[in-house]
> 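Below is a structure I'd like to ask you about.
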Amino acid sequence: MCGIVGIVGRSGVNQTIYDALTVLQHRGQDAAGIVTAEKHGVHLRKSNGLVRDVFRTQHMRRLSGNMGIGHVRYPTAGCASSAEAQPFYVNSPYGIALAHNGNLINADALRRELFEEDLRHVNTDSDSEILLNVFAHELHKQGKLKLGKDEIFKAVAAVHRRCQGGYAAVAMIIDHGVVAFRDPLGIRPVVFGKRETPEGSEYMVASESVALQSLGFSVERDLKPGEALFVDTEGNLHTQQCAEHPSYAPCIFELVYLARPDSIIDKVSVYKARLRMGEYLADKILREWPDNDIDVVIPIPDTSRTAALPLAYKLGVKYREGFIKNRYIGRTFIMPGQGERQRSVRRKLNAIDLEFRDKNVLLVDDSIVRGTTSKQIIQLAREAGARRVYFASAAPAVRYPNVYGIDMPAVQELVAHDRSDEEVAEAIGADRLFFQSMEDLVAAVRQGNPSLEHFDTSCFTGEYVTGEVTPDYLANQERLRSDFNKTGGQVSEAETLEIHNVS
């Protein structure tokens, strides 16, 4: 889960890209980067940290030019290293920079191909650098000094043939323009929009529609699966389908947690989808426990609020804000390392005792992944005086790794893997636990766009829409994406035990 943005403007674009990245900051808090171009010059700034910390006044002044791309990153594999901050840049051919959201499941094979056949060297462990070099090689093969849209779309088509996985990418080709493309299944989101100025039209692509709207761009539409977009330096827009067999299978977890509620993804309002998730979950609780003794529904801020409110209304019980969030602590889900997530929970949330004391409380969260945060929050509720603590998840149980760019890691770190719902409840310390059904989650999202017939639901079902996800691949991903590896081996013995015991 990363955030990407690209702009071809009529004046300097550095501030617009910066502002867009701050809107997309929820998609990655590990690193940020911006690259801009003017005439034949390229200006790049990237580093670890939040957007506000990476870019100072002196950096912004150097990022001149009328076109550029930006990225906010969180790591799905390896350590959180500034060497893997994006965008990546290669000089040959033309000078190309690329930023990417997603994950290539055939990255190892591509790395070998690039070295042995394409004669290209990849400097980092990032699959984004691999994607950039594949794209660059396919452009280089055409042997053109000046590129047109046909050559660019031909290169994207070759990328689709060679690369497997979920990806949304934006690239800047020096002296040519900005290119964006989406994987043939549309797993990762990307949308584009337009803004009129006295000098002419400006175009912007981004991971979420809210980034466009907040900067005055009208949302044109989502890129279709397999589609590519090219905006040349004159501001002319070109689009073309570049995949041989495209079909929609967007990641449903974007609607559950990743995206901002004010975004619209593939014509589905994230906010309304989450409202419906709450209604469906309430129906399930009423079916399974019609004589429940729930006194109050309390959301775990922030993403679960939208689902918790209609859930409480349908149950006929009070809705209360029982936790106050420290706004200066990041999203614990995307923090690298179990220890850092655990330390952040109590710094992030404080319970209002009056809302818990002597009550049977139903806590509502968007999902349960590792279970560590859920367990600590349940303990906070008990310390605040709750008589009984029930827990409801707006998503089904996460039982399998995600391989398309979301940090749902080794199966041993997933609290629901190989556990029944009752065993998960015991592991996190809940008196009773409710998960959304898979059918209801799909229905809640499809109601916003009935034309979406399929979704990537692999983290819930273990069914991988791209195929080619072998046990050996999953075992290698487990090694790369474990918390131990993300922290560079800096996990204490106690934390290691907590990872494996899901305590």
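Remember, predicted model here, so these are calculated numbers, not experimental data.
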> More than 12 foreign heavy atoms under 6.0 Å from CD of Glu321: is that the case here?
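More than 12 within 6.0 Å, yes.
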> Is it true that a side-chain atom of Gln142 and a backbone atom of Glu151 form a donor plus acceptor pair closer than 3.5 Å?
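Yes, the answer is positive, given that a donor and an acceptor are paired below the 3.5 Å cut-off.
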> Donor-acceptor check, side chain of Asp183 to backbone of Gly186, threshold 3.5 angstrom: yes or no?
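Here the side-chain-to-backbone pair exists.
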> Below 4.0 angstrom, N of the basic side chain to O of the carboxylate: do Asp30 and Lys46 qualify?
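The answer is no: the pair does not qualify as a salt bridge.
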> Please answer whether the main-chain N or O of Arg276 pairs with a side-chain N or O of Gln447 as donor and acceptor at a distance below 3.5 Å.
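It does not hold such a pair.
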> Can you tell me how far CD1 of Ile34 sits from CD of Gln86, rounded to the nearest 0.5 angstrom?
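If we round to the nearest 0.5 Å, Gln86:CD and Ile34:CD1 are 13.5 Å apart.
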> Minimum heavy-atom separation for Leu21 and Gly70, please, with both atom names.
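Closest pair (atom of Leu21, atom of Gly70, distance): CD2-C, 3.8 Å.
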> Any heavy-atom pair between the side chains of Leu229 and Phe181 that's under 4.5 Å?
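Phe181 vs Leu229: side chains apart.
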> Show me the donor-acceptor pairs, under 3.5 Å and distance only, between side chains in residues 166-179 and residues at least two apart or in other chains.
{"residue": "Tyr167", "atom": "OH", "partner": "His160", "partner atom": "ND1", "Å": "2.7"}
{"residue": "His176", "atom": "ND1", "partner": "Ile174", "partner atom": "O", "Å": "2.9"}
{"residue": "His176", "atom": "NE2", "partner": "Leu147", "partner atom": "N", "Å": "3.0"}

> List the atom of Ser393, the atom of Asp366, and the distance in Å for their closest heavy-atom pair.
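Looking at all heavy atoms of both residues, the closest pair is OG-O, 3.7 Å.
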> Kindly say whether Ala109 contributes a backbone atom to a donor-acceptor pair with the side chain of Asn106 at under 3.5 angstrom?
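No, the answer is negative, given that no donor and acceptor are paired below the 3.5 Å cut-off.
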> Does a sphere of radius 6.0 Å around CZ in Arg221 hold more than 12 heavy atoms from other residues, nucleotides or ligands, not counting ones at 6.0 Å or beyond?
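Yes - once you tally the heavy atoms of other residues, nucleotides and ligands closer than 6.0 Å, there are more than 12.
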> Kindly list each side-chain donor-acceptor pair under 3.5 angstrom involving residues 205-214, sequence neighbours excluded, with atom names and distances?
{"residue": "Ser207", "atom": "OG", "partner": "Ile4", "partner atom": "N", "Å": "2.9"}
{"residue": "Glu208", "atom": "OE1", "partner": "Arg260", "partner atom": "N", "Å": "3.0"}
{"residue": "Glu208", "atom": "OE1", "partner": "Ser263", "partner atom": "OG", "Å": "2.6"}
{"residue": "Glu208", "atom": "OE2", "partner": "His26", "partner atom": "NE2", "Å": "2.8"}
{"residue": "Glu208", "atom": "OE2", "partner": "Arg27", "partner atom": "NH1", "Å": "2.8"}
{"residue": "Ser209", "atom": "OG", "partner": "Ile264", "partner atom": "N", "Å": "2.9"}
{"residue": "Ser214", "atom": "OG", "partner": "Val210", "partner atom": "O", "Å": "3.1"}
{"residue": "Ser214", "atom": "OG", "partner": "Ala211", "partner atom": "O", "Å": "3.1"}

> Answer whether the closest heavy-atom distance between the side chains of Phe323 and Ile377 falls below 4.5 Å.
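The answer is yes, as the side chains (C-beta and beyond) meet within the 4.5 Å cut-off.
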> Is there a side-chain contact between Tyr404 and Cys251 in this structure, where contact means two heavy atoms from C-beta onward sitting under 4.5 Å apart?
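The answer is no; the side chains never approach within 4.5 Å.
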> Atom OH of residue position Tyr94 - does it have more than 12 heavy atoms of other residues, nucleotides or ligands inside 6.0 Å?
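Correct, the count exceeds 12.
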> So, Ser64 versus Glu38: side-chain donor-acceptor pair below 3.5 Å or not?
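Result is yes, a qualifying pair exists.
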> Under 3.5 Å, side chain of Gln29 to main-chain N/O of Tyr74, donor-acceptor pair present?
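Not confirmed, Gln29 side chain does not pair with Tyr74 backbone.
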> Between Asn103 (side chain only) and Val403 (backbone N and O only), is there a donor and an acceptor less than 3.5 Å apart?
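Looks like yes, one N/O pair under 3.5 Å.
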> Under the salt bridge (Lys or Arg N to Asp or Glu O under 4.0 Å) test against Glu138, which residue among Arg120, Arg161, Lys154, Arg162 passes?
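When Arg120, Arg161, Lys154, Arg162 are each tested with Glu138, the salt bridge (Lys or Arg N to Asp or Glu O under 4.0 Å) holds only for Arg162.
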> Is there side-chain contact between Val256 and Gln436, with heavy atoms separated by less than 4.5 Å?
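A side-chain contact under 4.5 Å is absent here.
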> Apply side chain to side chain contact (heavy atoms under 4.5 Å, CB included) to Val219 and Val191, showing your working.
CA-CA 8 Å; Val219 176; Val191 62; 3.7 Å; yes
> Search all heavy atoms of Val5 against all heavy atoms of Ala20 and return the closest pair with its distance.
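Residues Val5 and Ala20, closest heavy atoms: CG2-CB, 3.8 Å.
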> Testing the basics here: between Ala155 and Leu139, what is the closest heavy-atom pair and its distance to 0.1 Å?
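Closest pair (atom of Ala155, atom of Leu139, distance): CB-CD2, 3.5 Å.
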> Kindly indicate, with the supporting measurements, whether the criterion side chain to side chain contact (heavy atoms under 4.5 Å, CB included) is fulfilled by Cys163 and Leu131.
CA-CA 8 Å; Cys163 297; Leu131 183 64; 3.8 Å; yes
> For the residue pair Cys242 and Ala228, what are the closest heavy atoms and their distance?
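It is SG-CB, 3.7 Å.
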> Below 4.5 Å, heavy atoms only, C-beta onward: do Val411 and Pro401 meet side chain to side chain?
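Yes. Closest side-chain heavy atoms under 4.5 Å.
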> Closer than 4.0 angstrom, basic N to acidic O: yes or no for Arg370 and Asp407?
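Looking at Arg370 and Asp407, the cut-off is met.
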> Could you give the side-chain donor-acceptor pairs of residues 53-63 under 3.5 Å, partners two or more places apart or in another chain?
{"residue": "His59", "atom": "ND1", "partner": "Val54", "partner atom": "O", "Å": "3.3"}
{"residue": "His59", "atom": "ND1", "partner": "Arg56", "partner atom": "N", "Å": "2.9"}

> Just checking, any donor-acceptor pair under 3.5 angstrom between side chains of Glu84 and Ser126?
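Judged by distance alone, the side chains do not pair up.
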> Taking the side chain as everything from C-beta on, heavy atoms only, tell me whether Phe192 gets closer than 4.5 Å to Phe217.
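Answer no - side chains too far apart.
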> Run Lys325 and Asp302 through salt bridge (charged side-chain N to carboxylate O under 4.0 Å, His left out) and show every step you take.
CA-CA 8 Å; Lys325 181 180 177 181; Asp302 284 318; 2.9 Å; yes
> Assess whether side-chain hydrogen bond (donor to acceptor under 3.5 Å, both in side chains) is satisfied between Thr124 and Glu129, documenting all intermediate values.
CA-CA 7 Å; Thr124 71; Glu129 190 185 8; 2.8 Å; yes
> Please check if the number of heavy atoms outside Lys146 that lie under 6.0 Å from its NZ is greater than 12.
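More than 12 heavy atoms, drawn from other residues, nucleotides or ligands, come within 6.0 Å of this atom.
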> In Å, rounded to the nearest 0.5 Å, how long is the span from CD1 of Ile69 to CG of Leu98?
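Answer for the CD1-CG pair, Ile69 versus Leu98, is 6.0 Å.
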> Go through the side-chain N and O atoms of Tyr400 and Asn402 and say whether any donor and acceptor fall under 3.5 Å apart.
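Result is no, nothing qualifies.
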> In Å, rounded to the nearest 0.5 Å, how long is the span from CG of Asp266 to CG of Asp222?
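Rounded to the nearest 0.5 Å, the CG-CG separation comes to 4.5 Å.
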> When you measure from the side chain of Arg182 to the backbone of Pro225, do you find a donor-acceptor pair of N or O atoms at a distance under 3.5 Å?
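Flag not set: sc Arg182 to bb Pro225 has no pair under 3.5 Å.
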> Calculate, to the nearest 0.5 Å, the distance between atoms NZ and NZ belonging to Lys144 and Lys141 respectively.
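It comes to 14.0 Å.
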> Take Phe253 and Ser367, measure what side chain to side chain contact (heavy atoms under 4.5 Å, CB included) needs, and give me the verdict at the end.
CA-CA 9 Å; Phe253 205 74; Ser367 58; 3.5 Å; yes
> Applying side-chain hydrogen bond (donor to acceptor under 3.5 Å, both in side chains) as the test, list every pair that has at least one member in residues 186-198; sequence neighbours left out.
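Only Arg188-Glu254, Lys194-Glu196, Arg195-Glu202, Glu196-Ser201, Thr197-Glu199 qualify under side-chain hydrogen bond (donor to acceptor under 3.5 Å, both in side chains).
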> Does some side-chain heavy atom of Asn326 sit less than 4.5 Å from a side-chain heavy atom of Leu349?
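No, every pair of side-chain atoms sits at 4.5 Å or beyond.
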> Any side-chain heavy atom of Asn236 within less than 4.5 Å of one from Tyr203?
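A side-chain contact is absent here, since even the closest heavy-atom pair is not under 4.5 Å.
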> Distance check, rounded to the nearest 0.5 Å: Asp456 atom CG versus Tyr464 atom OH?
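That separation rounds to 9.0 Å.
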> Using the test ring pair (Phe, Tyr, Trp, His ring centres under 6.0 Å), find all partners of Phe230 that sit at least two apart in sequence or belong to another chain.
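His238.
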> For atom NE2 of His140, is the number of surrounding heavy atoms from other residues, nucleotides or ligands below 6.0 Å larger than 12?
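At most 12 heavy atoms, drawn from other residues, nucleotides or ligands, come within 6.0 Å of this atom.
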> Can you list the residues that meet the ring pair (Phe, Tyr, Trp, His ring centres under 6.0 Å) rule with Phe455, with sequence neighbours excluded?
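With neighbours one apart ignored, the set is empty.
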> Donor-acceptor pair, distance only, cut-off 3.5 Å: does the side chain of Glu116 make one with the backbone of Glu113?
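Not at all, since once roles are kept as given, no pair shorter than 3.5 Å links the two residues.
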> Where is the tightest heavy-atom contact between Ile252 and Thr457, given as atom of each residue plus distance?
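The pair with the smallest heavy-atom distance is CG2-CG2, 4.0 Å.
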> Using 0.5 Å steps for rounding, measure from the CG atom of Leu132 to the CG atom of Leu114.
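Answer rounded to 0.5 Å: 9.5 Å.
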